[in-house]
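First comes the structure, then the notes that go with it.
Because only heavy atoms are used, hydrogens play no part in the values below, and waters and symmetry mates are left out as well, while side chains stay in. Whatever order the structure lists ligands and atoms in, that order sets their numbers, starting from 1.
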Amino acid sequence: MPREEISSDWYKDIIIYEIPIKSFRDSNGDGIGDFPGLTGKLDYLKNLGVTALWLLPFTDSPLKDDGYDIRDYYNIYPSYGTMDDFLHFLEETHKRGMRVITELVLNHTSNTHPWFVSARSSRDSPFRDYYVWSDTPDRYKDTRVIFNDTEKSNWTWEPKTRQFYWHRFFHHQPDLNFENPQVQEELLKVVKFWFRLGVDGLRCDAVPYLYEREGTNCENLPETHLFMKRLRAEVDLEFPGRMLLAEANQTPQDVLPYFGNGDEFHMAYHFPLMPRLFIAIAQGDRRSIVDILEKTPPIPDSCQWAIFLRNHDELTLEMVSDLERDYLWTIYAQDPRMRLNIGIRRRLAPLMQNDRRKVDLMYSLLLTFPGTPILYYGDEIGMGDNVHLGDRNGVRTPMQWSFDRNGGFSRANPSDLFTPPIQNALYGYQVVNVENQIDFPTSPLNVLRQMIQIRQSSRLFGRGKMKLLTPKNTHVFAYLRESEEDVVLVLNNLSDRTESVVLDLSRFRGYVPVELFSGKRFPRILRAHFHFTISPYGYFWLRLLLPEEEAGRRRIRAARKTSPAAPPAFRELLEREAPG
Ligand code: BGC
Ligand code: CA
């Protein structure tokens, strides 16, 4: 894909799919997913309709935090394949018109990284100052402990050199010292290395925590913004058109500065929105979503929110009030094993009690909201989780491709798998798998695929404005997505009952609503108030067309019918997958 031909803000129009290499597809039968395995599944992803792949960390690591504990920024973890395997994957992904986003772990390394091994060995080590040391654990007292289930303090004692070192995450992940210019240089080198290889974007891990300063909570400090602006400037100079995504689990007000004046990050996750989608569907009421949208400030034109339902971590509840957190824990994590740190370690389908209507509705919200949606591998087929596995491993189990051995993930002896696949009666790979769903038009996979197709048929969803409608019935969440040339009305019934709602559509008198899944026309909007009835957890996506526009579109459709190039069937593409 020649980069020059594509707009530099391509990240506004993509759909991201998040992948742990380890869990996706094992090509050589050693029980661990790898790059050749993933490359063999690119046609599956292409046909799901996603347009960018976000890979979880894959460079060398002791894997005590699944690769976020980096031992080597430049080499691939051997079980995942070789650098050639990675480059081949990159080329094949680009050939299919998809983008690749990889991880940039700035804040910390593994304690097995040679820098730390040297730093901890002697106070005179040339790398001593790469990390943050102290004689007392009393410094930076106002800083919260993030992994509070496993870590009691952000300081850990290093007996050999008799000082404490600073870490915001696990004690085996010492924080780098960004006051040290050499550390900054090293990380800039890492950035350039991966961009030079051709990745399209970097997801910058844990950015709020780069600097520490006494008397603050050591988050979002001005120095962090200065460093990120410098990084951005260097990227723009040498690699224009590449993207930086901030992982800053903060309020929208605190995330805003990470966009700068369009001169810091291109994208940032909207963390606080996510739990509120789960509150809204549990309460059957739109108000918690409306509330957070109203608190979300406008962002610079060139920037974009990244939005998501689930990811590889626990469903974090840091960005909700104590009351809301208790509510979410009560509803979604009755079993204490489902809780982790300040969050819930479960997948989407089990969170929705495997109710298809609710799962589809959550995707209806995600895929019609402003921002770029991120899907988590396996959630497209409704995979379950395993609370018996430690940490967050229960949501990182092998992808379920078929009902064959190990769910089609690997030919290995089942006892050799890095972790067992889901095997229970409801979510086990014998039942929930890609092969089972591919031929059924109404399977979770195919409904999501259709939603993706519709979303991708118009730039409106990634770029248009959102205007909330305010019907009295708060069980219904309705809004317009609008651009200069297109307008779509979206209605979501968050409740478990049939609801009726009256919308003020006076602005659209004379328009015809066209339902986007079926192409069916609704009665023309003639009066100011339009009445809808929606089934429990139902949703409508309606394009509002003026009569002339409608005629124009029909002509285009008729012309398209005569064009011969029909896309190959989904199953056909799956079977074409490279063997192994
Ligand atoms: C990642 C986690 C990881 C942590 C420490 C997070 O933001 O998403 O999976 O454990 O950073 O690197
Ligand atoms: Ca393998």
Side-chain angles (χ1 to χ4, degrees), residues 18-41 54-59 61-71 73 76-82 85-86 89 101-111 113 145-151 154 167-176 202-210 219 245-250 268-269 271 274 306 308 310-316 318-319 340-343 345 374 376 390-396 398-399 406 409-413 416-419 580:
E18 180 188 353
I19 306 175
I21 306 294
K22 183 172 80 176
S23 315
F24 206 59
R25 174 82 171 98
D26 168 22
S27 72
N28 61 355
D30 66 354
I32 305 170
D34 43 53
F35 275 107
L38 169 57
T39 307
K41 293 295 185 185
W54 155 28
L55 306 184
L56 290 173
F58 54 78
T59 66
S61 158
L63 299 191
K64 285 183 149 189
D65 185 12
D66 225 350
Y68 283 98
D69 47 332
I70 290 187
R71 178 160 54 201
Y73 282 98
I76 313 278
Y77 180 69
S79 304
Y80 298 165
T82 61
D85 293 333
F86 170 75
F89 153 79
I101 299 163
T102 60
E103 289 274 347
L104 175 67
V105 184
L106 292 158
N107 180 67
H108 46 264
T109 67
S110 158
N111 61 357
H113 193 291
V145 173
I146 297 170
F147 287 167
N148 64 350
D149 276 0
T150 37
E151 302 296 337
N154 290 314
H167 54 86
R168 289 307 303 274
F169 294 94
F170 289 121
H171 64 277
H172 54 73
Q173 283 166 313
D175 273 35
L176 286 163
L202 290 173
R203 178 238 189 220
C204 305
D205 185 61
V207 282
Y209 320 120
L210 301 191
E219 301 189 4
L245 161 62
E247 191 222 15
N249 188 352
Q250 303 284 330
Y269 296 98
F271 273 99
M274 180 274 298
F308 61 100
R310 290 297 298 108
N311 63 20
H312 64 290
D313 287 328
E314 68 273 31
L315 190 168
T316 139
E318 279 154 290
M319 289 302 123
L340 179 69
N341 302 320
I342 308 187
R345 47 182 190 154
I374 304 179
Y376 185 49
D391 200 356
R392 292 147 290 176
N393 298 321
V395 301
R396 303 173 181 179
M399 176 67 180
N406 305 321
F409 160 72
S410 168
R411 295 187 311 276
N413 183 325
D416 287 340
L417 294 191
F418 77 90
T419 201

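Residue, atom and distance of the protein heavy atom nearest to atom 9 (O) of ligand 1 are D313 OD1, 2.6 Å. Ranking protein heavy atoms by distance to atom 6 (C) of ligand 1, first place goes to D205 OD1, 3.1 Å. Ranking protein heavy atoms by distance to atom 5 (C) of ligand 1, first place goes to D65 OD2, 3.4 Å.
Among the candidates Y73, F24, Y77, F86, the single residue satisfying the ring pair (Phe, Tyr, Trp, His ring centres under 6.0 Å) test with F58 is F86. Partner K22 forms a salt bridge (charged side-chain N to carboxylate O under 4.0 Å, His left out) with one of D34, D30, D66 and no other, that one being D66.
Around the Ca ion (ligand 2), the protein contributes the following N, O or S atoms under 3.0 Å, ordered by chain and number: D26 OD1, N28 OD1, D30 OD1, I32 O, D34 OD2.
Every atom of ligand 1 is numbered from 1 in the order shown, and the set under 4.0 Å from a heavy atom of F147 is 10 (O). Ligand-side atoms of ligand 1 in range of H108: 5 (C), 12 (O), range being under 4.0 angstrom from any heavy atom. Residue F169 approaches ligand 1 through these ligand atoms, each under 4.0 Å from one of its heavy atoms: 4 (C), 5 (C). Each of the atoms 2 (C), 3 (C), 9 (O), 10 (O) of ligand 1 lies under 4.0 Å from some heavy atom of R392. Residue H312 approaches ligand 1 through these ligand atoms, each under 4.0 Å from one of its heavy atoms: 1 (C), 2 (C), 8 (O), 9 (O).
For F170 and Y68, the gap between ring centers reaches or exceeds 6.0 Å.
Not close to ligand 1: F170, with no non-hydrogen atom less than 4.0 angstrom away. The closest approach between E314 and ligand 1 stays at or above 4.0 Å for every heavy atom of the residue.
Across every non-hydrogen atom of N311 and Y376, the tightest pair is O-CE2, 3.6 Å.
Side-chain atoms of N148 do not come within 3.5 Å of backbone N or O of V145 as any donor-acceptor pair. For the pair N341 (side chain) and D149 (backbone), a donor-acceptor distance under 3.5 Å is present.
The side-chain hydrogen bond (donor to acceptor under 3.5 Å, both in side chains) search around R310 returns none, not counting sequence neighbours. Listed by chain and number, the residues in a side chain to side chain contact (heavy atoms under 4.5 Å, CB included) with S110 are P62, D69, T112 (sequence neighbours excluded). In this structure, the salt bridge (charged side-chain N to carboxylate O under 4.0 Å, His left out) partners of D313, at least two apart in sequence or on a different chain, are R392, R396.
Here H167 has no heavy atoms under 4.0 Å from ligand 1, in either its backbone or its side chain.
For the pair R345 and E314, the salt-bridge criterion is not met [side-chain N within less than 4.0 Å of a carboxylate O].
A donor-acceptor contact closer than 3.5 angstrom links the side chains of N249 and T316.
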